[in-house]
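Index from 1, following the sequence. First listed ligand is number 1; within each ligand, the first listed atom is number 1.
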Amino acid sequence: MPSLADKKIVVGITGGIAAYKSAELVRRLMDHGAGVQVVMTDAAKAFITPLTLQALSGRPVRDTLLDSSAESGMGHIEIARWADHLVVAPASADFIARLASGMASDLLATVCLATSAPIILAPAMNQGMWRKSATQRNIATLMADGITIVGPASGEQACGDVGPGRMLEPSEIISHLTRTGNNHSLDGASVTITAGPTWEALDPVRALSNHSSGKMGYAVAIAAAAAGAAVTLISGPTALNPPPGIQYRPVQSAEEMLAAVEQDIDTCNVFIGVAAVADYRPLRSETSKIKKHSDSVTLELVRTPDILARVAQHTKRPFTVGFAAETDRAIPNAREKLHNKGLDLIAVNQVDETNNPFGSEENHLILISKTDEIDLGRDSKTVLAEKLISEIAHRYHDEYSA
Ligand code: C5P
């Protein structure tokens with residue numbers, strides 16, 4: 001992991017209950033040997049005191065734009081120039097809106113506007129506020145402006161709601177800072193990713209499917225976009241919002257997913273099949289709801305197309321990466337898949353009592369290629385996605401510059 005020692009980091013804190021986690025973020029950055037200047041908005045001070053952050057960072061907290069005493073020392077332009085990195089955590093909906101419209105209405109927004117250092121925002125807000133189209137528009141604008149958005153995570157919120165809007169943990173933010181702060185490893189590459197389950201219709205209201213939440217595939221899409229790729233995400237039905245700044249194609253069945261993938265197959269540079277594609281579909285899909293006239297029914301199932309294998313065997317094939325969830329003999333089974341489907345790389349997760357990635361925020365991935373095997377460890381799907389993208393980027397470049 002690249003070192004943060006001696007890096008100068010501005011930590012911006014805006015108003016939100018997640019501001020209590022910012023103290024931990026500052027402490028951990030100091031532990032890494034970074035110099036930290038905290039800048040707070042007025043709303044942030046309702047949640048955590050400047051004194052706490054001053055004690056942790058060893059520097060007076062800055063919170064006022066037109067403060068004559070401070071401006072004579074380190075003024076707002078000096079803070080903007082001083083920073084190697086700027087991290088705003090938590091970034092509230094209001095702050096995101098102000099930044100997206102280029103306002104310089106307080107010290108933190110002004111520093112963000114003035115700096116040429118890479119900026120990372122860790123949004124935190126109520127799930128309804130996060131899902132609102134105004135917020136999503138603002139996030140898309142900021143991403144297009146080159147700002148890295150990390151998170152939010154989904155789960156239980158302080159307000160009692162459940163959904164996306166939780167600020168990432170300080171360790172995850174630091175991992176983003178070290179990995180993607182200045183990452184252009186996939187600049188100019190076009191990357192197509194499949195995610196989520198597929199639904200194979202039995203009738204208009206019933207389907208065969210599986211427990212894939214889509215979280216791993218969406219995290220991979222976000223990490224690829226953060227690394228500079230033009231990303232297309234082809235997703236089966238999930239509860240997740242389309243990530244901003246990414247071309248999104250929703251599909252239902254394996255056949256529809258294949259058709260969407262075929263649109264890109266000649267033009268994409270990297271294909272990553274994360275979807276848990278149903279292996280079988282009902283031979284017939286009834287046009288009206290099947291009635292329960294008898295105690296048992298027999299379904300005739302037929303194989304779905306293997307999308308990943310088709311991509312890997314295409315004449316003008318992209319760098320092709322698959323996923324494998326295995327309950328036993330994970331590594332040998334995955335190696336067999338790598339060989340049989342003709343992949344460049346396969347990411348394998350063992351599904352057992354200690355690791356069930358379906359629906360979870362965490363996973364444990366091992367990468368296997370024809371020549372090596374790398375354990376990416378157990379971590380959040382966000383962090384694993386970044387590690388995976390960085391491995392894919394250097395292997396893709398090695399392959400195409402050879
Ligand atoms: O053969 P298996 O289903 O275990 O392989 C898993 C990998 O193959 C995943 O990358 C998945 O996205 C892909 N796959 C596919 N089409 C299928 C089945 C699996 O693209 N019909």
Taking 4.0 angstrom as the limit and counting only heavy atoms of T304, give me the atoms of ligand 1 inside it, by number and element. 21 (N)
Does V277 reach ligand 1 with a nitrogen or oxygen that is under 3.5 Å from one of the ligand's nitrogen or oxygen atoms? no
If you scan protein heavy atoms around atom 6 (C) of ligand 1, the nearest is F323 O, 3.0 Å
Does a side-chain N-to-carboxylate-O contact under 4.0 Å join K381 and E362? no
With a 4.0 Å cut-off on N to O distance, would you call K337 and E326 a salt bridge? yes
Note the single closest protein heavy atom to atom 4 (O) of ligand 1, along with its residue, its atom name and the distance in Å. K337 NZ, 2.4 Å
Give a yes or no on whether the backbone of K341 and the side-chain of Q313 come within a donor-acceptor separation of less than 3.5 Å. yes
For atom 21 (N) of ligand 1, which candidate among A347, P305, G322, G273 holds the nearest heavy atom? P305
If you measure from the Lys or Arg side-chain nitrogens to the Asp or Glu carboxylate oxygens, is any gap between R284 and E300 under 4.0 Å? no
Residue, atom and distance of the protein heavy atom nearest atom 16 (N) of ligand 1 read I307 N, 3.1 Å
What protein heavy atom sits nearest atom 20 (O) of ligand 1, and how far away is it? L308 N, 2.9 Å
Nearest non-hydrogen atom to atom 12 (O) of ligand 1 belongs to which of S212, A276, A275? A275
Measure the distances from the heavy atoms of R310 to every atom of ligand 1 and state whether one is below 4.0 angstrom. no
Is the shortest N/O to N/O distance between K341 and ligand 1 below 3.5 Å? yes
Assess whether side chain to side chain donor-acceptor pair (under 3.5 Å) is satisfied between D375 and H364, documenting all intermediate values. CA-CA 8 Å; D375 190 341; H364 182 170; 2.9 Å; yes
Using a 4.0 Å cutoff against the non-hydrogen atoms of D279, which atoms of ligand 1 qualify? 3 (O), 18 (C)
Salt bridge D344-R395, side-chain N to carboxylate O under 4.0 Å: no
Using the side-chain contact (heavy atoms from CB on, under 4.5 Å) rule, pick out the option among L29, I9, V38 that qualifies with S57. V38
Heteroatom distance test (E326, ligand 1): nitrogen or oxygen, under 3.5 angstrom: no
Y280 six-ring centre to R303 NZ/CZ under 6.0 Å and within 45° of normal: yes
